[in-house]
Undergrad: 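My questions all concern the structure below.
Naming: A, B, ... by sequence-line order, numbering from 1 per chain. These numbers come from a predicted model, not from an experiment.
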There are 2 protein chains.
Amino acid sequence: MNAAKNKFLECKIFTSLTEERSRIRKYGKGTIIHFQGEEYHSLLVVVEGLVSAEIHDPQGKKIKLETFSPVSPIAPGILFATDNTLPVTITAESDVKILSVSKQDILTILQKDTACLEGYLSLTGDKIVLLAEKIRLFKFNSIQQKIAGYLLNLSKKKGSNHVRLPYTREFLADLFGVARPSLSRELSRLADAKILDIKNKDITILKKRALNYILEGKFGTLYDYDNG
Amino acid sequence: MNAAKNKFLECKIFTSLTEERSRIRKYGKGTIIHFQGEEYHSLLVVVEGLVSAEIHDPQGKKIKLETFSPVSPIAPGILFATDNTLPVTITAESDVKILSVSKQDILTILQKDTACLEGYLSLTGDKIVLLAEKIRLFKFNSIQQKIAGYLLNLSKKKGSNHVRLPYTREFLADLFGVARPSLSRELSRLADAKILDIKNKDITILKKRALNYILEGKFGTLYDYDNG
DNA sequence: CTCAAACGGTAACCTTTGTTACATAAATAT
DNA sequence: ATATTTATGTAACAAAGGTTACCGTTTGAG
């Protein structure tokens, strides 16, 4: 999702490309950068702003699969797939700058330098891990479990029981792949059960233990736990 | 899923490896070849038999993501992921022979030959396409839509309205990621509506048009269609 | 051929999530 | 500040799918 250390993104042959003005294109907030179903011929790379990848269905429902912040390559795997039709829609969540690198240029880089090659392979491998994790989440986790997992993770990163949601409820619902009122309902239930204290985007975890139990599927629908 | 033409699998450097006896290991039907959650260090390749990849959850529910028939590499992407923990369990569906190739050997091959490199990248890219498609299927398609899609596809391949299911109901339910009785119920409903004629594993599509409508989500729960 | 094990259909019931509609609150532009 | 849009909570209801339990059928080993 975010830009982690990667041998491909750091290799000189690639970084030098990111400085070529001619390769960069700007998109305004809300613009669609690449439509689901269209062929994907050149690697797009987010160099400024925030970009998301969503699966849309004909009825207009959608699932946000990923958000990309600089410097992140978009769909490095699909570029080389037998069917190189993009399975997601790429949207600018803010004003963004996108770098474009042809498939052939990528191949040339990969062939030249083993570190680059390993780096690129780990980029595509990480996508597979991410998608597999999404499937696990979608099929095996209830909405409450998704909330629990998400909040516990945020809280751990921040080292505090109080977190501020970086997204709107609607954005979050798309990220979880659920309906917005359903997310609202489950959040309210957790608040009713005094597990969470919710004030707009500010959420305090009141009973971390309970939240962990929920995440692990140790509760049914009732919350008969102690404090903690 | 099946072994399609691929530049990596066909390149000589790789095919010569498949002849080295010492690299091959046998597994009996039902054996687990690699556990979900364990690190994946060498590329495994199915050279004989049938192998499946499933996501398991702690409660024992499972989703079959893929089946591999010879010659198919298993998880070529994860091999190079930052977190190279396998997100799926690899199971022998029959007696199988598995070839093992070290990560380093793969890198060497890819560096030597552009065709191999492109081939390997398309293998991993195709996995991403497959997983994205699974997500779409899981989130946006009802059980009836999955059945419709599956049968129409089988029927198209065979060029006949009569198909024979290659799997048991249980296997199919896992493939669809649904409960077995749920799949049974929906199959029965389609039979009740005279859209399908079902006799064990032999299914005849009686109303292809209706099935297409279902697939496209043009029906609610009632089937008020014409013939065809 | 026989028998046990695996497979499959079904019904009643439960749980989760989605849908729709509406009122309120918050954010943003003018 | 005020207006307008966007975001959010909520409730009543619907729908889809899961669970469990049971029994009949098919299959395949011996």
Undergrad: Under 4.0 Å between any heavy atoms, over every strand shown, what does B:S182 touch: base, sugar-phosphate, or nothing? Just pick one.
TA: base
Undergrad: Expressed as a whole number of angstroms, how long is the span from B:K29:NZ to D:dA29:P?
TA: 8 Å
Undergrad: Nearest to the side chain of A:P181, which nucleotide is it out of C:dC7, D:dA11, C:dT10?
TA: D:dA11
Undergrad: The side chain of A:E170 lies closest to which of these nucleotides: C:dC7, C:dG18, D:dT8?
TA: D:dT8
Undergrad: Using a 3.5 Å distance criterion without hydrogens, assess whether the side chain of A:S160 forms a donor-acceptor pair with backbone atoms of A:H162.
TA: yes
Undergrad: For B:H56, is there any backbone N or O sitting under 3.5 Å from a side-chain donor or acceptor partner on B:Q36?
TA: yes
Undergrad: Considering only side-chain heavy atoms of B:R169, which listed nucleotide, C:dG18, C:dG8, D:dT19, is closest?
TA: C:dG8
Undergrad: At under 4.0 Å, does any side-chain N or O of B:R180 touch on OP1 or OP2 of C:dC7?
TA: no
Undergrad: What residues, two or more places apart in sequence or in another chain, satisfy salt bridge (charged side-chain N to carboxylate O under 4.0 Å, His left out) together with A:D202?
TA: A:R164
Undergrad: Sugar-phosphate means primed atoms, P, OP1 and OP2; the rest is base. With that split, encode nucleotides 24-30 of chain C 5' to 3' as B, S or - using protein heavy atoms under 4.0 Å.
TA: --S----
Undergrad: Verify, without hydrogens or angle tests, whether A:K97 (side chain) and A:I24 (backbone) share a donor-acceptor contact under 3.5 angstrom.
TA: no
Undergrad: Would you indicate what B:S184 reaches in the nucleic acid, counting non-hydrogen atoms under 4.0 angstrom: base, sugar-phosphate, or nothing?
TA: base
Undergrad: Please tabulate, for side-chain N and O atoms in residues 58-65 of chain B, each donor-acceptor pair with protein atoms closer than 3.5 Å (sequence neighbours left out).
TA:
| from | atom 1 | to | atom 2 | distance (Å) |
| --- | --- | --- | --- | --- |
| B:K64 | NZ | B:E54 | OE2 | 2.8 |

Undergrad: Taking the six-membered ring for Trp and the single ring otherwise, decide whether the centroids of B:F138 and B:F176 are under 6.0 Å apart.
TA: no
Undergrad: From CD1 of B:I198 over to C1' of D:dT25, roughly how many Å is that when rounded to an integer?
TA: 16 Å
Undergrad: Among D:dG17, C:dT10, D:dG9, which nucleotide has an atom closest to any side-chain atom of A:S188?
TA: D:dG9
Undergrad: Regarding B:L187, tell me which of base, sugar-phosphate or nothing describes its non-hydrogen contacts under 4.0 Å with the strands shown.
TA: nothing
